[in-house]
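For reference, the structure is listed below as structure tokens.
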Amino acid sequence: METKPALAGLFPGEIAELLKPLQPFRAGQIHQWICKGAVSFADMNNLPAALRDELERRFRLFSGSVSAELEDPDGTVKFRISFEDSVKIESVILASSEGRKTACLSTQAGCPIGCVFCKTGQMGFTRDLSSREIIEELLFLTRRERGISHIVIMGMGEPLLNLKELRRAVAYFTDILKISKRRITLSTSGVTGGIWDFTDNGPDIRLALSLTTGRQELRERLMPVAQSNPLAELKESLMYYQQKRKRRITLEAVLLGGVNTTPADAAALAGFARGLDAVVNLIPWNPVDGLCFEGKPLRSPGAAETAGFASALKEKGLNVTFRYKKGRGVLGACGQLGQQE
Ligand code: SAH
Ligand code: SF4
């Protein structure tokens, strides 16, 4: 088994420390190469050949590797990444029609929350990712696609259950890669204690809540996290975030045909949103084979069902946006991430 330490995912100062007594500017050059997408030490052509050889002998560049890249005709690219204990995760590049490129990153291998509509949730939980692994995800994506300007922490896993590692990764994104914190969004299934901690101790980035329903009893059946994190407490934590951070919140709602799209559902969702500065992002369910809710196969809502739900929300004064289907062709859309093997 490979045991050489990896340099990617380390801050420049840490690389300098590891390479002592090498002159610090060399560590800076190596770090720049990593950020520019070098795939091997041999690429680093402003380093003396002897140093490149020595680096090759003593270190690795990355601890993980990309085992597959799958491209959807809509511009979405899904990456399958393997880490050193053979744990596999997925990350995605999303391209908007205006040309904006967004990285969607995972924070855990699998997910312990177990939402009934989500493929990752049905895989179970393997382990947390380390900060360096989360950083490597972005570096791998950057290697393929220049100009990634936005990050959504909406891949596999519940980020607020891995906040310490995430904090360090976000510091790397903002301080080293200079991605604005206003362009980074974390989505949580609603871990109330994590929202308080996140608000008090950072990272100071945008927040999205996967609400999906404003009805507590339905939410408990769809998203087991709701059993110990009731809506009333969740709302309180969001009010605190908003009061302290002064940022608009996104409330995401996966639309499940015949399950959470009635006028009563719209009223409950609007009730939850009351008092928050929020935009509601509707996500028609992306199909995952074999997923059922209480014995019935889940289905995407029809066009009329989606439109009816959206207009009921709008009538109640809510701002509504849609997230459509991107990446479905490579099973890279929301809720479809998980190993195929
Ligand atoms: N675990 C965090 C971060 C993942 S974000 C969270 O749940 O918020 C993934 C988003 O996709 C969440 O809003 C989730 O509710 C949604 N989602 C999960 N499964 C889906 C599916 N099959 N179709 C559409 N959206 C889904
Ligand atoms: Fe986990 Fe989010 Fe999927 Fe729920 S939707 S199982 S919290 S990844």
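First listed ligand is number 1; within each ligand, the first listed atom is number 1.
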Exercise. Answer yes when Arg221 and Glu217 have at least one side-chain N-carboxylate O distance shorter than 4.0 Å, and no when they do not.
Key: yes
Quiz item: Any Lys/Arg nitrogen of Arg60 or Glu136 sitting under 4.0 Å from an Asp/Glu carboxylate oxygen of the other?
Solution: no
Geometry only, no angles: is [X] polar-contacting ligand 1 at N/O separations under 3.5 Å?
{"X": "Asn286", "value": "yes"}
{"X": "Ser210", "value": "yes"}
{"X": "Ile153", "value": "no"}
{"X": "Lys119", "value": "no"}

Quiz item: Relative to each other, are the rings of Tyr172 and His31 parallel, tilted or perpendicular (30° and 60° limits)?
Solution: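 Rings of Tyr172 and His31: perpendicular, as their planes differ by over 60°.
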Looking at ligand 1, is there an atom of it that comes within less than 4.0 Å of some heavy atom belonging to [X]?
{"X": "Gly155", "result": "yes"}
{"X": "Gly157", "result": "yes"}
{"X": "Ser189", "result": "yes"}

Quiz item: Taking Gln108 for the side chain and Gly157 for the main chain, is one N or O donor matched with an acceptor at less than 3.5 Å?
Solution: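 No, the answer is negative, given that no donor and acceptor are paired below the 3.5 Å cut-off.
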Quiz item: Mind checking whether Phe117 and Phe293 have ring centres under 6.0 Å apart?
Solution: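 Distance test on ring centres: not under 6.0 Å, no.
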Quiz item: Do the two ring centres, one from Phe140 and one from Phe79, sit under 6.0 Å apart?
Solution: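 Phe140 vs Phe79: aromatic centres not under 6.0 Å.
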Practice problem: Please check if atom CZ in Arg274 has more than 12 non-hydrogen atoms from other residues, nucleotides or ligands closer than 6.0 Å. | Solution: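 Open.
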Looking at [X], which atoms of ligand 1 are within less than 4.0 Å of one of its heavy atoms?
{"X": "Thr188", "result": "6 (C), 8 (O)"}
{"X": "Glu252", "result": "13 (O)"}
{"X": "Ile283", "result": "24 (C), 25 (N)"}

Self-check item: Candidates Leu211, Thr192, Thr199, Leu276 - the one meeting side-chain contact (heavy atoms from CB on, under 4.5 Å) with Leu238
Solution: Leu276
Quiz item: So among Val280, Asn260, Leu282, which one has a side-chain contact (heavy atoms from CB on, under 4.5 Å) with Phe309?
Solution: Leu282
Exercise. Indicate, with yes or no, if Met223 and Leu218 share a hydrophobic cluster defined by side-chain heavy-atom contacts under 4.5 Å among Ile, Leu, Val, Met, Phe, Trp and Tyr.
Key: yes
Among protein heavy atoms, which lies nearest [atom], and at what distance?
{"atom": "atom 2 (C) of ligand 1", "answer": "Ser187 O, 3.4 Å"}
{"atom": "atom 16 (C) of ligand 1", "answer": "Val254 CG2, 3.6 Å"}
{"atom": "atom 20 (C) of ligand 1", "answer": "Gly335 CA, 3.3 Å"}
{"atom": "atom 25 (N) of ligand 1", "answer": "Cys334 CB, 3.5 Å"}

Exercise. Run through the protein N/O/S atoms less than 2.8 Å from atom 1 (Fe) of ligand 2 and write them out by chain and number.
Key: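 Hits for atom 1 (Fe) of ligand 2 below 2.8 Å: Cys111 SG.
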Quiz item: Would Arg143 count as a cation-pi partner of Phe62, with NZ or CZ less than 6.0 Å from the six-membered ring centre and within 45° of the ring normal?
Solution: yes
Quiz item: So which heavy atom on Gln216 is nearest to which on Leu231, and how close?
Solution: OE1-N, 3.0 Å
Exercise. Provide the closest heavy-atom pair for Gln336 versus Lys119 in the form atom of the first, atom of the second, distance.
Key: O-CD, 3.5 Å
Quiz item: Nearest non-hydrogen atom to atom 9 (C) of ligand 1 belongs to which of Arg328, Met154, Met156?
Solution: Met154
